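Because the structure is predicted, anything quoted here is derived from the model rather than measured.
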Amino acid sequence: MKSEGKATTKPARAFSPTAQKRREKALKEKRARIMQAALTLFSKNGVSGTTVEQISELANVSKSNLLYYFKSKDGLYLSVITHLLDVWLSPLQSFSAEQEPIETLREYIKVKLEMSRDNPAESKLFCMEVIQGAPLLIKELETPLKALLDAKSAVINEWITAGKLNAVEPVHLIFSIWAITQHYADFSVQIKAVTGNDLSDPVFFESTLKNIQHIILDGLQPH
């Protein structure tokens with residue numbers, strides 16, 4: 001007989017450790033799939049030209065499921081662009097005064113060009129955001145990015161003071177590396193039209209890398 005006045009509560013579902021790991025993996029993979037679909041569409045159509053329905057269709061999830069992970073399209077866009085910024089800046093994080101500067105910069109140029117080859121959509125999306133005034137990213141640019149550039153500029157100045165590099169304004173050196181390497185992603189159509197090649201061609205990639213390193217590093221090498 002059911003006792004009156006007492007509400008019955010359904011016990012919370014318990015997962016075994018193995019099942020919990022599988023569940024967490026599935027959730028992580030679904031989130032990554034949504035972000036990848038969003039990246040593809042945002043980089044092609046921009047934020048205003050992309051709908052939540054288009055993203056959910058490409059990611060093969062329901063709209064309600066997408067909005068469980070990301071509360072809005074702007075929230076999803078901000079997650080994609082901040083993750084992208086973290087990825088693009090991570091190679092710069094490793095700069096330290098103890099390193100050999102020419103070789104460090106040589107490797108940095110290589111990594112940045114590889115990113116342009118392997119992640120052109122990411123580069124184009126970041127370019128579109130900045131061209132539009134970075135309305136959703138401006139706080140990231142004004143604080144974490146500035147702090148990182150200040151720290152790594154200090155490292156470059158230490159190299160210069162130690163006589164390991166010719167004098168150069170560090171921030172302009174970093175900007176120049178970004179501008180040249182990311183050009184091959186952001187303007188890949190133009191480069192393909194002019195040269196008949198792009199970075200997916202190994203020979204063209206190596207030639208591009210060698211020339212960029214030559215252009216940037218020769219002027220920095222003390223004689």
Side-chain angles (χ1 to χ4, degrees), residues 35-36 38-50 77 80-95 101-138 140-142 144-146 148-150 152-153 155-156 159 165-166 168-221:
M35 288 185 69
Q36 184 58 49
L39 168 63
T40 299
L41 292 169
F42 287 149
S43 63
K44 184 185 297 184
N45 306 321
V47 182
S48 60
T50 300
Y77 176 75
V80 170
I81 202 77
T82 52
H83 173 71
L84 165 60
L85 187 60
D86 288 342
V87 170
W88 278 96
L89 293 177
S90 60
L92 188 60
Q93 299 273 7
S94 64
F95 278 32
I102 294 297
E103 288 311 310
T104 299
L105 292 168
R106 187 183 306 279
E107 180 61 21
Y108 183 56
I109 292 168
K110 180 175 182 288
V111 170
K112 288 292 293 178
L113 195 65
E114 287 172 341
M115 285 182 164
S116 287
R117 178 193 64 195
D118 301 336
N119 306 284
E122 287 89 333
S123 183
K124 289 173 182 174
L125 180 59
F126 184 74
C127 180
M128 287 172 60
E129 170 68 14
V130 174
I131 287 172
Q132 292 168 6
L136 296 177
L137 196 61
I138 191 66
E140 294 291 328
L141 298 180
E142 289 177 342
L145 177 59
K146 184 179 185 308
L148 177 62
L149 284 181
D150 287 346
K152 300 313 169 181
S153 292
V155 170
I156 294 171
W159 289 338
L165 280 183
N166 286 336
V168 65
E169 181 60 43
V171 72
H172 295 307
L173 171 59
I174 295 170
F175 287 162
S176 295
I177 293 173
W178 291 353
I180 296 177
T181 55
Q182 289 171 218
H183 177 86
Y184 288 86
D186 301 340
F187 293 89
S188 57
V189 173
Q190 173 183 279
I191 288 168
K192 180 79 170 180
V194 171
T195 68
N197 289 296
D198 57 31
L199 296 182
S200 65
D201 182 295
V203 174
F204 184 73
F205 177 89
E206 289 301 324
S207 173
T208 302
L209 176 61
K210 182 178 178 181
N211 278 279
I212 293 173
Q213 289 171 334
H214 171 68
I215 291 166
I216 293 176
L217 299 179
D218 278 15
L220 296 174
Q221 183 107 38

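Remark: Tyr184 pairs with no residue by the ring pair (Phe, Tyr, Trp, His ring centres under 6.0 Å) rule, at least two apart or across chains. Legend: residues meeting ring pair (Phe, Tyr, Trp, His ring centres under 6.0 Å) with His172, ordered by chain and number and at least two apart, are absent. The salt bridge (Lys or Arg N to Asp or Glu O under 4.0 Å) search around Lys110 returns Glu114, not counting sequence neighbours. Residues passing the ring pair (Phe, Tyr, Trp, His ring centres under 6.0 Å) test with Phe95, sequence neighbours excluded: Tyr108, Trp159. In terms of the salt bridge (Lys or Arg N to Asp or Glu O under 4.0 Å) criterion, Lys192 has no residue partners (sequence neighbours excluded).
In this structure, Arg117 CZ and Phe204 CZ are separated by 13.0 Å, a value rounded to the nearest 0.5 Å. Here the straight-line distance linking atom CZ of Phe126 with atom CG of Asn119 works out to 14.0 Å at 0.5 Å rounding. With rounding to the nearest 0.5 angstrom, the CG atom of Leu217 is 6.0 Å from the CG atom of Leu105. Between the CG atom in Leu173 and the CD1 atom in Ile216 there is a gap of 7.0 Å [rounded to 0.5 Å]. Note that CG of Leu220 is 9.0 Å distant from CD1 of Ile156, once rounded to the nearest 0.5 Å. Between atom NE2 of residue His183 and atom CD of residue Gln190 there is a gap of 5.0 Å, rounded to the nearest 0.5 Å.
Listed for the Ser116 side chain is a donor-acceptor partner under 3.5 Å among the backbone atoms of Thr181. At least one donor-acceptor pair under 3.5 Å links the side chain of Ser153 to the backbone N or O of Leu149.
Between Asn211 and Ser207, the closest heavy-atom pair is ND2-O, 2.8 Å. Nearest heavy-atom pair, Gln213 versus Ile109, reported as atom, atom and distance to 0.1 Å: CG-CG2, 4.0 Å. Here the shortest heavy-atom pairing between Phe42 and Val47 reads CD2-CA, 3.9 Å. The shortest heavy-atom contact between Ile177 and Lys112 is CG2-CG, 4.4 Å. Residues Pro120 and Ala185 come closest through the heavy atom pair CA-CB, 3.9 Å. Of all the heavy atoms in Gly219 and Asn166, the pair that sits closest is O-ND2, 3.1 Å.
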Can you check side chain to side chain contact (heavy atoms under 4.5 Å, CB included) on Leu39 and Met35, steps first, answer last? CA-CA 6 Å; Leu39 168 63; Met35 288 185 69; over 6 Å; no

I'd like to know whether Asn197 forms a side chain to side chain contact (heavy atoms under 4.5 Å, CB included) with Thr208, so could you lay out the CA-CA distance, the side-chain angles of the two residues, the decisive distance to 0.1 Å, and finally the verdict. CA-CA 11 Å; Asn197 289 296; Thr208 302; over 6 Å; no

Please list, one pair per line, the donor and acceptor atoms closer than 3.5 Å that link side chains of residues 80-91 to other protein atoms, with sequence neighbours excluded.
unit_1: Thr82; atom_1: OG1; unit_2: Leu78; atom_2: O; d: 2.7
unit_1: Thr82; atom_1: OG1; unit_2: Ser79; atom_2: O; d: 3.3
unit_1: Ser90; atom_1: OG; unit_2: Val87; atom_2: O; d: 2.8

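Inspection of the Ser200 and Asp198 side chains reveals an N or O donor paired with an N or O acceptor under 3.5 Å.
Side-chain contact check for Glu129 versus Leu125: every heavy-atom pair is 4.5 Å or farther apart.
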